[in-house]
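Encoded as structure tokens, the structure appears first; notes follow it.
The first residue in the sequence is number 1, and the count goes up from there. Fair warning: this is a prediction, and the values are worked out from it, not measured in the lab.
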Amino acid sequence: MKRFAWKLSRALLCVVLLCSGACAASARLVPGPLSEEWVEQEAKPPLSSFYYLVKDGKIAAELRTVEEHIRIRLTPIAYLRLVQKNSLESAFENYRPGDTGGAVVAGKPAVRHDFTFSVKNGNSLRGRVFCFLDGNTGFSVLFVALRQSFEALEDDFRAYLNGLRLDPSPTPVDARPTPTPWPELTIPDLPAVTPLPDRPIA
């Protein structure tokens, strides 16, 4: 069976601005609701949550939330630019930026960024990432699916985003493990999907 791999550099969506234990504690992001088709995976730092969407026994999409501590003051758009430069451009083959706009996630001002990329077996994929901050903590919420099936899965992603909230009970920074490099991730080919007509990205 053909397979494809998403090489996730040393730390996908980790901007390499991680703080030491001297940083102030911040609220933790609580995941939103997902259907039973989404299967939770082990989330190792900098991931705080990680899910696959399983359709007909095969992986059809992926959803990840990254949480990291930042040494400097940033706006959401400045944080996105760092994520683009240090993660998206290096982790996704043929990364092509798309529309970028404002949003609100978990009650915080955020930036939404759409993009496309490809994998070695020729599949074309679409991604959408939301970046926002809470004090010294940066959050990135990433959704990725086959380009032709992306729009059909947007409702699941929107429900997850709408359900995200910040837990007011902070976890001390010293209790959080130091992020480690991610291994190469290999998942099966996505099932064939009837292409949808091209539409502007929402």
- Task: Please step through side chain to side chain contact (heavy atoms under 4.5 Å, CB included) for the pair Phe132 and Val141, ending with a clear verdict.
- Result: CA-CA 9 Å; Phe132 63 101; Val141 186; 4.2 Å; yes

- Can you run down the salt bridge (charged side-chain N to carboxylate O under 4.0 Å, His left out) pairs that involve residues 87-96, sequence neighbours left out, and say none if there aren't any? none

- Quick one: does Phe117's side chain get under 4.5 Å of Val144's, heavy atoms only? yes

- Shortest non-hydrogen contact from Trp38 to Glu62? CZ3-C, 4.1 Å

- Between the side chain of Asn123 and the main-chain N/O of Val119, is any donor-acceptor distance below 3.5 Å? no

- Can you measure from CD (Gln41) to CG (Leu63) and round to the nearest 0.5 angstrom? 12.0 Å

- Which hydrophobic side chains are connected to Val39, either touching it within the sub-4.5 Å cutoff or through other members that do? Val54

- Measure the spacing between CD of Glu67 and OG1 of Thr137 and express it to the nearest 0.5 Å. 5.5 Å

- Sorted by chain and residue number, the side-chain contact (heavy atoms from CB on, under 4.5 Å) partners of Val30 (sequence neighbours excluded) come out as Arg165, Asp167

- Candidate pair Arg112 and Asp99, rule side chain to side chain contact (heavy atoms under 4.5 Å, CB included), full reasoning: CA-CA 8 Å; Arg112 172 188 53 78; Asp99 184 57; 2.9 Å; yes

- Query: Any idea which heavy atoms bring Gly163 and Pro33 closest together, and the distance?
  - Reply: CA-CD, 3.7 Å

- Query: Which residues satisfy the ring-ring contact (aromatic ring centres under 6.0 Å, His included) test with Phe143, sequence neighbours excluded?
  - Reply: Phe150, Phe157

- Message: Any non-hydrogen side-chain atom of Ser140 less than 4.5 Å from a side-chain atom of Cys131?
- Response: yes

- Any idea which heavy atoms bring Leu133 and Leu74 closest together, and the distance? CD1-O, 3.8 Å

- Taking atom CG of Asn136 and atom CZ of Arg73, what is their separation to the nearest 0.5 Å? 8.5 Å

- Please list, chain by chain and in numerical order, all residues satisfying side-chain contact (heavy atoms from CB on, under 4.5 Å) with Ala159, sequence neighbours excluded. none

- Query: Looking at OG1 of Thr100 and CZ of Phe115, how far apart are the two atoms once the value is rounded to the nearest 0.5 Å?
  - Reply: 10.5 Å

- For Pro97, side-chain contact (heavy atoms from CB on, under 4.5 Å) partners two or more places apart: Gln84, Tyr95, His113

- Just wondering, do Leu146 and Leu153 contact through their side chains at under 4.5 Å, heavy atoms? no

- Measuring from Leu161:CG to Phe130:CZ, what's the distance to the nearest 0.5 Å? 5.0 Å

- Task: With sequence neighbours excluded, tell me which residues meet side chain to side chain donor-acceptor pair (under 3.5 Å) with Glu37.
- Result: Lys55

- Query: Distance from Gln148 atom CD to Leu125 atom CG, nearest 0.5 Å?
  - Reply: 8.0 Å

- Task: Report the residues that fulfil side-chain contact (heavy atoms from CB on, under 4.5 Å) with Glu40, sequence neighbours left out, ordered by chain and then residue number.
- Result: Tyr51

- What residues form a side chain to side chain donor-acceptor pair (under 3.5 Å) with Ser49, not counting sequence neighbours? Thr65, Tyr160

- Summary of salt bridge (charged side-chain N to carboxylate O under 4.0 Å, His left out) pairs that have at least one residue in residues 45-54, sequence neighbours excluded: none

- Task: Could you pull out the closest heavy-atom pair between Leu164 and Pro31, with the gap in Å?
- Result: CD2-CA, 3.6 Å

